[in-house]
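Quick notes on the structure that follows.
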Amino acid sequence: MDRRNTLVSLALVLLCGGILVVFTDVELKVVQWVNCGPLASSEARRAPLCQ
């Protein structure tokens with residue numbers, strides 16, 4: 001029973017870690033789109049972040 005609990009805990013940690021990575025990537029893309037997208041000023045689009 002203890003081994004099963006360990007495997008379930010490991011699976012949950014990996015699942016939560018994967019979800020965190022996916023949402024972090026999505027958040028970075030959204031921030032870049034807001035900062036460099038069509039509504040951004042031309043000066044903001046020339047920033048190193050947008051290159």
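Small disclaimer: the values here were computed from a predicted structure and weren't measured.
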Under 3.5 Å donor-acceptor pairs involving side-chain atoms of residues 19-31, not counting sequence neighbours:
unit_1 : atom_1 : unit_2 : atom_2 : d
Thr24  : OG1    : Leu20  : O      : 2.7

Could you list the donor-acceptor pairs under 3.5 angstrom formed between side-chain atoms of residues 39-47 and any protein atom two or more places apart in sequence or on another chain?
unit_1 : atom_1 : unit_2 : atom_2 : d
Ser41  : OG     : Ala44  : N      : 3.1
Arg45  : NE     : Gly37  : O      : 3.2
Arg45  : NH2    : Pro38  : O      : 3.3
Arg45  : NH2    : Ala40  : O      : 2.7

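- When hydrophobic side chains of Ile, Leu, Val, Met, Phe, Trp and Tyr are connected at separations under 4.5 Å, Leu14 ends up clustered with Leu10.
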